[in-house]
2 protein chains.
Amino acid sequence: MSVQERKQRERAERERLIVATARELAEQQGWDAVTTRRLAERIEYSQPVLYSHFRGKREIIGAVALEGAAEMAVAVRAAASSANSPRERVAALARAYLDFAARNPAVYDALFQLDGGLAFANEDTPEPLKDAFAALLESLGEVAGDGVHPGLFTETFWASLHGLATLTRAGRLPPEYIEPRVKLLVDRLAIV
Amino acid sequence: MSVQERKQRERAERERLIVATARELAEQQGWDAVTTRRLAERIEYSQPVLYSHFRGKREIIGAVALEGAAEMAVAVRAAASSANSPRERVAALARAYLDFAARNPAVYDALFQLDGGLAFANEDTPEPLKDAFAALLESLGEVAGDGVHPGLFTETFWASLHGLATLTRAGRLPPEYIEPRVKLLVDRLAIV
DNA sequence: TTGATTGTCTAGCGATGCTAGGATCGAATC
DNA sequence: GATTCGATCCTAGCATCGCTAGACAATCAA
């Protein structure tokens, strides 16, 4: 069985290589540049090899998205745990979220802009996505205020952050004044 | 000169036809289905004709976006003028905005998700885009609160609406509870 | 050693956005 | 009224896209 195990390991390793290469290429030149041919060339295999790991380009995007969701959850929790008051926690979370989106635009796109074939907001949602939302909920649930459902509050706050992130990156909002916009959101939405 | 004038008229008419057809096709089957071949077939001209009106597909998207911006400004102003108090105005504006996004998803995409080659947030921004933002500013500036710049407040409120609109439509947020989310945003962000 | 299975590659399909070059048509000139 | 000439439009084609069929080679079991 050792031979099979080795092959399985190598296969898993190659799959990681595909995802990492796709992500790297997307961050460098955008998702449009991530073609199956270019990707195959970079991993030094032929195109059809990609299709023995993933159903298609969409699934590769989905894999990058899941990887990114896990990292985002870590980043958000780290920021939250470094703050003392609930309000400070929310402010730190918001900055961490926007920072993640700005530093990993391709990953953020894979998560929330592109079609990665992932299920959202239902029971089929992959664990990393649920957990990323949970990471937001942990800090945001504290400041929902009386009579407001924590999940609903988290969704709304998240949507606001998402709007800021996407409009800024798409050039729809001037890139200055990010901090005062965040401050405004936190000051008004969070109830200590 | 009458002949030239007629030709010019016909040309302008055909350009309108292209934009209207692209929009219609996009709303029916999504922007992916708007290929230059299909578009050409629908307007009953050959493909290269499109390129005598627009530099490429991107500019066609941009044209649809400008048309949509004008309509959105009208919708937002109409909703705002039907309300009496500043807070009610903002609530009506928010609902009108989300309603427009939900009813015209392809147009909304052309405006804020896709690359239509338009300039945003600078002096080269086309007039319809500036005016759509102005329509938001007219009502939202009233409730920015003391010491908060109306433009900055409008940008932030708009981003929140944009986040709700896109996440909902992309299936990232459950489609129920739209109204309580809007209420939460208006109640917390707007200061009467 | 043979036969079968697994893995990989070459080649190709139907699309895509976009463009070059030739055909056609109508207006203006003689 | 015939002829030039420029504008207008179409056919055909390019490079590239995601994806797949079928041939080939390497590896394993018998």
Side-chain angles (χ1 to χ4, degrees), chain A residues 1-19 21-23 25-26 28-65 106 109-110 113-118, chain B residues 1-19 21-23 25-26 28-65 106 109-110 114-117:
Chain A
M1 291 297 165
S2 161
V3 171
Q4 280 201 358
E5 281 175 13
R6 194 205 69 224
K7 287 198 173 182
Q8 221 166 344
R9 255 197 336 266
E10 288 173 353
R11 214 185 128 72
E13 177 53 36
R14 193 173 62 181
E15 189 158 316
R16 274 193 295 275
L17 178 63
I18 292 172
V19 176
T21 307
R23 174 174 178 171
L25 190 50
Q28 285 172 356
Q29 309 180 35
W31 276 107
D32 278 352
V34 184
T35 68
T36 55
R37 285 178 228 286
R38 248 192 291 261
L39 188 49
E41 193 189 5
R42 284 224 183 179
I43 64 168
E44 294 181 316
Y45 281 94
S46 73
Q47 242 183 323
V49 164
L50 300 173
Y51 292 87
S52 75
H53 288 273
F54 302 94
R55 281 176 178 280
K57 188 181 172 180
R58 181 200 293 199
E59 268 197 7
I60 297 177
I61 295 175
V64 172
D109 281 348
Q113 301 266 60
L114 302 175
D115 179 13
L118 303 176
Chain B
M1 289 296 167
S2 160
V3 171
Q4 280 200 0
E5 280 175 14
R6 195 204 67 225
K7 286 196 176 183
Q8 221 166 343
R9 251 195 343 264
E10 288 172 352
R11 214 184 129 73
E13 177 54 36
R14 193 172 62 181
E15 189 158 315
R16 273 193 296 275
L17 178 63
I18 292 173
V19 175
T21 305
R23 175 176 177 170
L25 190 50
Q28 284 174 355
Q29 310 181 33
W31 276 106
D32 279 351
V34 184
T35 68
T36 54
R37 288 183 198 355
R38 247 191 293 261
L39 189 48
E41 194 189 3
R42 285 223 182 178
I43 64 168
E44 295 181 313
Y45 281 94
S46 74
Q47 246 183 318
V49 164
L50 301 173
Y51 293 86
S52 75
H53 288 273
F54 302 95
R55 282 178 176 278
K57 188 180 171 179
R58 182 200 292 197
E59 269 197 5
I60 297 178
I61 294 175
V64 172
D109 282 348
L114 302 175
D115 179 12

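Values below: every heavy atom of this structure, side chains too, minus hydrogens, waters and symmetry copies. A note on names: the letters A, B, ... follow the listed sequences, proteins ahead of strands, and every chain is numbered from 1.
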Taking the minimum atom-to-atom distance to the side chain of [X], which one of [options] wins?
| X | options | answer |
| --- | --- | --- |
| A:Pro48 | D:dC9, D:dT20, D:dG18 | D:dT20 |
| B:Val49 | D:dC17, C:dT16, D:dC10 | D:dC10 |
| A:Thr36 | C:dT16, D:dC19, C:dC9 | D:dC19 |

Without decimals, in angstroms, what is the distance between [X] [atom1] and [N] [atom2]?
| X | N | atom1 | atom2 | answer |
| --- | --- | --- | --- | --- |
| A:Phe54 | D:dT20 | CZ | C1' | 18 Å |
| A:His53 | C:dC9 | NE2 | P | 11 Å |
| B:Leu50 | C:dT16 | CG | C1' | 14 Å |
| A:Tyr45 | C:dT6 | OH | C1' | 14 Å |
| B:Glu44 | D:dC10 | CD | C1' | 15 Å |
| B:Glu13 | D:dT8 | CD | P | 17 Å |
| A:Leu39 | D:dC19 | CG | P | 12 Å |
| B:Lys57 | D:dT16 | NZ | C1' | 15 Å |

Sugar-phosphate, base or nothing in reach of B:Arg14, heavy atoms under 4.0 Å: sugar-phosphate
Sugar-phosphate only, base, or nothing, as touched by A:Arg11 at under 4.0 Å among non-hydrogen atoms: nothing
Heavy-atom donor-acceptor pair, B:Gln47 side-chain to C:dC18 base, under 3.5 Å: yes
Donor-acceptor pair under 3.5 Å, A:Arg37 side chain vs D:dT16 base: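 Looking at the base of D:dT16, it does not pair with any donor or acceptor on the side chain of A:Arg37 (distance under 3.5 Å).
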B:Arg38 side-chain N/O to C:dA15 phosphate OP1/OP2 under 4.0 Å: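 It does not, given that no N or O in the side chain of B:Arg38 lies less than 4.0 Å from OP1 or OP2 of C:dA15.
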Nearest non-hydrogen partners of B:Val64 and B:Ala22, listed with the distance: CG2-CB, 4.4 Å
Heavy-atom closest pair, residues A:Leu118 and A:Gly62: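 Smallest heavy-atom distance, with atoms named: CD1-O, 3.9 Å.
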Note: B:Glu10-B:Lys7 ion pair, threshold 4.0 Å (strictly below): no
Side-chain donor/acceptor of B:Gln29 to backbone N/O of B:Leu25, under 3.5 Å: no
Any donor-acceptor N/O pair, A:Arg37 side chain to A:Gln47 backbone, under 3.5 Å: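 No, the answer is negative, given that no donor and acceptor are paired below the 3.5 Å cut-off.
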Contact nearer the 5' end of DNA chain C, comparing B:Ala33 with A:Ser46: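 Its nearest nucleotide being more 5', the pick is A:Ser46.
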